[in-house]
Structure formats: structure tokens, C-alpha cells
Amino acid sequence: MQQIVAVADWLTSGMDIDEFDKSEGEKISIQSYKKTRLLPLFEQLRKPGMNDFESFSYVYPLKPLSPVSIFPEEKSKIQKNDTKKEYRKLFDGFTHDLKMLRHKNKNLALWFEHFESLIMVYTSAIPAERVGTGVPDVSLYDHCRLTSAFATAIYLYHKETESLDAESIKNGENQKFLMISGNFYGIQDFIFADYGDTRKYRSKLLRGRSFYLSLLSELAADLLCKRIGLPSVSVILNAAGKFTILAQNTDNALLAIKKTKQDINEWLMDISFGEISIGFSHVAAGYKDFSTEKFMDLWEKMGTCMEENKFSKIDLDRHGGAIAGYLDQFNNQLKHPMCSLCGKRPSVPETDYTLPTDQTGPVCRLCRDHVFIGTQLVKNGRIIIASKDAKISGNKNQLIEPVFGQYQLLFSSSDAKDPLDSKQIFKYWDISLYQDNAPSQDVSKKIINSYVPVFDKEDRKKYQSLLAAKSKAKQDEMIEEIHPENPKTFNHIAVNALDKNEAGNLSGVEALGALKADVDYLGMLMGCGLERQKYTISRLAALSRQLNYYFALYLPHLFMTDKRFENIYTVFAGGDDLFLIGPWNRIYELSLILHKTFSNYVCRNPNIHFSAGISLYKAHTPLNNIANSAEAALEKSKGRNRLTMFSQTATWDEVKKLENIREKFETWLQNQWLTKSMLHRLNEFISMAAMEKLALERKPISIDDMNCFKWRALFYYFAARNIGKQIEEKERRREIVDELTVCMMKWLEKYEGRLRIPLWNVVYNHR
């Protein structure tokens, strides 16, 4: 057993077996181990030569995991702190919370998951390597987790091959491991399916579907681990619908992969008719494949296998052609034989009582479950995953369609006692959103939930003011929909784009904004951002986890604590991307904050950045249209470190300058130097300036194209007649006209169509 742990330890570190043998006898000074802080992996991506502590400008604070502590701080500001006291505080917090963990004497596997979560909270900022000459950039949590996964796989391999002795364990000739990847396909179409009466429940459906897919990824990994005989720590990566498992390379494991893939896809075919599916790929590996010299090759091989798997998403031998018995599933005695929420699956009688009494009638099992999940997520902070046979009181409090036919779901409050026998519980998660420096809980902390705006007790009064311009019937309808703790509808979110001016009148455009963003060239950053001698499985796992924290841990905290963003609806945020819906002007404002905070999060490394697209919609726009338009806007920016809005694409450096222009437009409007009609006219000059550039690129220039060349003369004439008309003093007015004319001429020539980003922001906000 000692040999297994030792080998697992050096595999996690990426050491070759020869290095390991040499290092066993070395004496390492430990005089300064309590002074060492964790260094950021982000700071060194695509920056060769950062091989010692002095090369880094940032370190992580020695604090429990929280939305604030995940941000690195400048080394010069934090190095003077008393690290001994900080370590003591971490240790005292850990030992205190350790005593509070549930299920120790009743369900040891469940207790172990709580324990692993506690380790995550208290050791994510502690470096694993605190002595010697190495760079301390991997946390104690990541190192321990990977070491546990390796130790488990080694033990099971030798146990199943009947070679459990020290010499066989140390022998690295055989391929003892399987690296298994799981990936869900068809996620976007599944989330954004829109049909018929979907709009009545679309915020709950969207919320429920998004969480449901995260749940599918978690439980697919769990089901495979159970069948192989692995604990939860063997899932070494899990984010954005993809997971990676480290397993033993035995016949039992290979059979489990085949059966689990078949069983899950059979179930997915039954509930989605091929809309979503899961692919499993696996690569065999030996000890040397995890060394720094070989691991990059292993990771590339895994990526190739996953790509090849995309071409066989569905087993055509089993599921090709028409779906047998599809029409026979419908009950024509029901009011709506086909589900009125998805338009795909048959309605079932048992769902008739599970939705509010608004004449919707029966729906399909899956849509009912999605509405149920979307409603419960904002009301309860805990989830219990139990066996499908668990006795839960009341059908309204559970899934009608257990996940994979195996897993039942139960929501619970934080102060509730276990509603089930602990032996029936597979998972017990605290999914409540983190607060600043939040203490750990008595069950597993799962960073899987997202922020959703909900109504509070004051909203009826607030919305009466915001809805003043609507008809009395519409006001009454929207006020009636306000219930404290329920998710806000998209209609209510869109109304928050309106602002009150000084006279107390509403101004602005009532519209939604959708922001879609992802990290540029993430595959390249993960695959070759680190130098080969630093490329280890532990660093890869740490990078994936830390990147996910920004989207899944920090963003919900930002929306909870910043009043400007309290109406932002999270469709999904995790892994390396996000999709948000909110009041269109707050979404634009948020994009600027995200760019700034993400830059701080990655230590202002210019090699790490994200691109984003923003598009605007009326509140009743179908979800699939919103998703497609947001994706199209992102595509214009993707991979280029840019933002696209109003069909115009600008670099983030330009966006900062354009934001200064927006502020100047606002000031000029406030001073009455410009009017709203003048801003509308400015849009014409933007079009003419853009046409001029296109005309100059064509040779020869036709006579029909030459009309745009007179835009400067027209602009000067327009400016002289319209700018500062309210100013009576002629000299002062002349100065203002000259100043504004010069500024706007420069902007038109420099930014062309990109000037619409600040211009239309102002125009829409003052409409």
C-alpha cells in the first residue's frame, strides 16, 4: 500500500521512475515551508522561463475557497503577511468543520465526498510543493486528488490482475491505466428548444434544462465510476458537459464503458429521440505516459479520439431510421396528446396536476421535470441524489422520469434533516451560491448552480412604476405574475432596461440583451501553454478547475452583490464560456466589467483573453432565435479578443475608448450641446464614411459610388447649424462647435461603423 501511494505521488508530479528513485534519498530543507505561497498557473501560460519564485508577480492569498480568494494578488502587497497565522487559521477552520460532516458512521462513501469537498475549500490555496527547487504552482488539493485517483487505479489494476505486490506495482512496463473521456452532444438544441406554450414557462424551462444537462454530466460520470468500482475522486475533470475519468486498464473496466455508453444512449434516445447523446472514448496509458516528456502526447491522443467520436454520435445499427412505436406512445384521450412545451414527446396524465392551473394541461415527463427543477433551484439550497427506489413522500417533490432510469432527485433546505435512509443516498450537495468568506458546510459543496434573478417583496411597488407606460391590462397581468422567490420572467427582466430621467419620466428601450462569450484558443492554451517540462496532469486539472471557478463561482457572486447586475439571468456559465440574458444596457455594462475582472483573474497575462457577442431582442423573442443570434454575434469576435455589438466588432482596447466616447455623448446631451435628433443624423454620416472606405478599395471607382465622398462637407454644414443652438454667446458657441466637430470627425474617420457601439447605446437609452 505504501508503494502504491508513492508511485501515485510521483505520477501526479509528472516524474519519471528513474527520477523518482534518485529523489527518494535526497534531503530537502524545510525551514521556510510555512512561508511559501501558491503561484498562479495563469501568469506563466505562454511565458517560457518562469522557473523560480522570483519570476512571478502574483500569488494566491492563503484563505478558504471563496469568490474573492480565487483572485491572485500582487506579490508585493501580500508577501508581508504573517503566513503562519494564515496557515493556523486554515487548519483551525478545517478541523472545526471536519467534526460537522454528516454520514460518517452511516455511509462512508458519502462521507468521503463531503471530506473531499472540505479539502477543496481549505487547501485550494496551499501549494503542494513547498520545499525544494520546484515551482509551487499546484495546490495541495489538486495534488492530493490526483494522487488518490492514481492510487485507486493502480490498486484496482493489480487486484483484478492478481499482481498486488510491491515489485509489480513499481514495474512500469504495462499500460495500467485508462483515460476515459465523456462528452454530451446536442446540448444547445436541447436547451433552447422552443414550441407552443413554452413562453409561459420559458425562464423556468431554460433554468431547468441548463441545470439538467449539468446533472446528466455529473451522473453519467458517477454511473460509469460505480460500474468500474471507482470513487468520486477518479473523475479528474468535469466541466461544461465533458468529463475525464482515470481508471484501471482491465477487462472489467472496458466492459463497463461499453455497457454504460449503451445504457445511457438507450435512455437518451427514449427521452430525446436522438437530440442529445453521449460519447465515450478511452486511451490506454502506462507510467511513462504521465511523465513531463510524454504527457503532452497522451493528451493530444485523447483529443484526437474525442474528435473521432463525434462522427459516431448515434449507433445507426440500433437507432437508424424511423423511431419504432413513436406514434403509439400518444394518448389521444388527453386534451393535448403532444406536449405543449416541447412539441416532441407525448403528454402523460400524471403531469396534469404538477404545473400551475393555467389551462396548460398535461405535458411530457421531461418538460414537467425541467419546470420542477427550474422552480425548485431558486427556493432550495441542497440537492439529494438517491436511488430510483427511494421512498420520497409526494410525487410533486421528485422527478417523474429518474435520470438514466437510476437516479432520483430531491430538493432540501440547509437546516433539514435527512429525509431518506442514508444508504439510499448517492450524493448530497450544497448548491447554494457562495458568499464572501463563506464557511464550509456539513455536506459536499457543489459549484454547479448559477444565479437567477428572483422577485422580492418590494418588486410589486417597483414594477408599478416601471410599467407605467403600458396598458392597464398589461400592467395587471405582469403585476399578477410577481411572487416573492419565484424567478423573474423575461418580460420583467426586459423592463429593467428602462430608466427614469430627472423629470421622473421613463426613457430607454425595453429589450433583452444576450451576452455569449468564451475564452480564445483555450485548446491551444491547455495543450501547449505550459512548457513541456511543466506539462503534468495535475497542472492540467488545476488549470481546468481554476478557469471554471471564474465563470461558476465568481460570476454568481458578482450578480448577487452588485445591484447593477441583479437582473442578469444565467443560462449557463462554466468551463470556459458563458451565456447570459438581461436588460440590454446592463448586459453591455457587464461586458466591460467582465473584461476587466477576467484580466485581473489571469494575472493580466496578455496571452489569455476572451471574445464576446451581444445582441438585442424583444422579450417575447423565441429562445432558439436568441441563441442563434447570440452565437452569430460571438462568431464575429471568436478567437480575436473582441466584442461584437450592433453588428460591429471592436477590439477590447477600442471598446474602452468607445466607452469614453459614449460618456462624452452623454455629457454633450446633458449640456444641450447635442440633441437626440442630431445623434440619429450622425448615424447617416457613419454609413457614408463606411461606404467611402469600400469605394476607395474598388478600382476603378464608379460615378454612382462617389456620392459618399461628400460626407465631410455635409457634416461640417450640419455641425455648424445644429451644435450648441441653445448657447446664446456666439464666441462660446463657436468654440463648442469647433471642439465637437473636430472630435466627431476624428471618430468617424478612425472608428467608422464601430462608432455605432457608443452612439446606439446613447440613442437607445434616451429614446
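A salt bridge links Lys563 to Glu566: one of the charged nitrogens lies within less than 4.0 Å of a carboxylate oxygen. Checked for salt-bridge contact, Asp369 and Arg365 miss the test: no charged N lies under 4.0 Å from a carboxylate O. Salt bridge annotation for Asp456-Lys488: absent, with no cationic side-chain nitrogen under 4.0 angstrom from a carboxylate oxygen. A salt bridge links Glu116 with Arg145: the distance from a Lys NZ or Arg NE/NH1/NH2 to an Asp or Glu carboxylate oxygen falls below 4.0 Å. Glu86 has a carboxylate O that lies under 4.0 Å from a charged side-chain N of Arg37, or vice versa, which qualifies the two as a salt bridge.
Annotation: Tyr451 is not in aromatic contact with Tyr569 [ring centroid separation under 6.0 Å not met]. Aromatic ring centres of Tyr554 and Phe71 lie closer together than 6.0 Å. With ring centers used as reference points, Tyr157 lies 6.0 Å or more from Phe177. Aromatic pair Tyr428/His103: ring centres closer than 6.0 Å.
The closest side-chain donor-acceptor pair between Asn380 and Ser412, if any, does not fall under 3.5 angstrom.
Between the Ser444 side chain and the Ser117 main chain, no donor and acceptor come within less than 3.5 Å of each other. Ser234 contributes no side-chain N or O that, together with a main-chain N or O of Leu230, makes up a donor-acceptor pair within less than 3.5 Å.
A search for side-chain contact (heavy atoms from CB on, under 4.5 Å) contacts involving Lys104 returns Trp111, not counting sequence neighbours. Considering only residues two or more places apart in sequence or on other chains, His492 meets the side-chain hydrogen bond (donor to acceptor under 3.5 Å, both in side chains) condition with Thr489. For Asp263, the salt bridge (Lys or Arg N to Asp or Glu O under 4.0 Å) partners are Arg227, Lys259, not counting sequence neighbours. By the side-chain contact (heavy atoms from CB on, under 4.5 Å) test, Leu38 is found to be paired with Tyr60, Pro127, Ser139, residues two or more places apart in sequence or in another chain being considered. For Lys427, the side-chain contact (heavy atoms from CB on, under 4.5 Å) criterion is met by Glu113, Asp222, Ser232, Ile385, Trp429, not counting sequence neighbours. Every residue two or more places apart in sequence or in another chain that forms a ring-ring contact (aromatic ring centres under 6.0 Å, His included) with Phe598 is listed here: Tyr550, Phe610. The salt bridge (Lys or Arg N to Asp or Glu O under 4.0 Å) check on Arg564 picks up Asp562, Glu589, with sequence neighbours excluded. For Tyr212, the ring-ring contact (aromatic ring centres under 6.0 Å, His included) partners two or more places apart in sequence, or in a different chain, are His370. Listed by chain and number, the residues in a salt bridge (Lys or Arg N to Asp or Glu O under 4.0 Å) with Asp577 amount to none (sequence neighbours excluded). Considering only residues two or more places apart in sequence or on other chains, Met302 meets the side-chain contact (heavy atoms from CB on, under 4.5 Å) condition with Met179, Ser181, Thr244, Val283, Trp299. Residues passing the salt bridge (Lys or Arg N to Asp or Glu O under 4.0 Å) test with Glu218 are Lys446, sequence neighbours excluded.
Within the structure, salt bridge (Lys or Arg N to Asp or Glu O under 4.0 Å) pairs that include any residue of residues 547-557 do not occur (at least two apart or interchain).
The minimum heavy-atom distance between Ile400 and Thr351, with the atom names listed, is CD1-CG2, 3.8 Å. Heavy-atom minimum distance, Leu377 versus Ile431: CD2-CD1, 3.7 Å. Residues Thr536 and Ser13 approach most closely at CG2-O, 3.6 Å, considering heavy atoms. Across every non-hydrogen atom of Ala239 and Asn548, the tightest pair is CB-OD1, 4.2 Å. Between Leu205 and Cys367, the closest heavy-atom pair is CD2-O, 4.0 Å. Closest approach of Val121 and Tyr434 over heavy atoms only: CG2-OH, 3.9 Å.
Atom CG in Asp142 sits 10.5 Å away from atom OG1 in Thr12 (nearest 0.5 Å). To the nearest 0.5 Å, atom CD1 of residue Ile276 and atom CG of residue Leu268 are 5.0 Å apart.
With a 6.0 Å cutoff to the six-membered ring centre and a 45° limit on the axis angle, Arg209 does not count as a cation-pi contact of Phe211. Remark: Lys226 qualifies as a cation-pi partner of Phe426 under the 6.0 Å distance and 45° angle criteria applied to the six-membered ring.
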Using the rule given for side chain to side chain donor-acceptor pair (under 3.5 Å), can you reason through Ser66 versus Ser69, listing the C-alpha separation, both sets of side-chain angles and the distance that settles it, and then say yes or no? CA-CA 5 Å; Ser66 77; Ser69 68; 3.3 Å; yes
Is there a side chain to side chain donor-acceptor pair (under 3.5 Å) between Asp430 and Ser432? Walk through the geometry before answering. CA-CA 6 Å; Asp430 178 355; Ser432 60; 2.6 Å; yes
Quick one, Tyr549 with Tyr601, criterion ring pair (Phe, Tyr, Trp, His ring centres under 6.0 Å). Give me CA distance, side-chain angles, the key distance, then yes/no. CA-CA 10 Å; Tyr549 279 167; Tyr601 188 71; 8.3 Å; no
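Annotation for His96: atom NE2 does not count as buried by contact number, only 12 or fewer foreign heavy atoms lying within 6.0 Å. Atom NZ of Lys462 is surrounded by more than 12 heavy atoms from other residues, nucleotides or ligands within 6.0 Å.
For the pair Ile245 and Leu178, the minimum side-chain heavy-atom distance is 4.5 Å or more.
Using cut-offs of 30° and 60° on the angle between ring planes, the pair Tyr122 and Phe94 is perpendicular.
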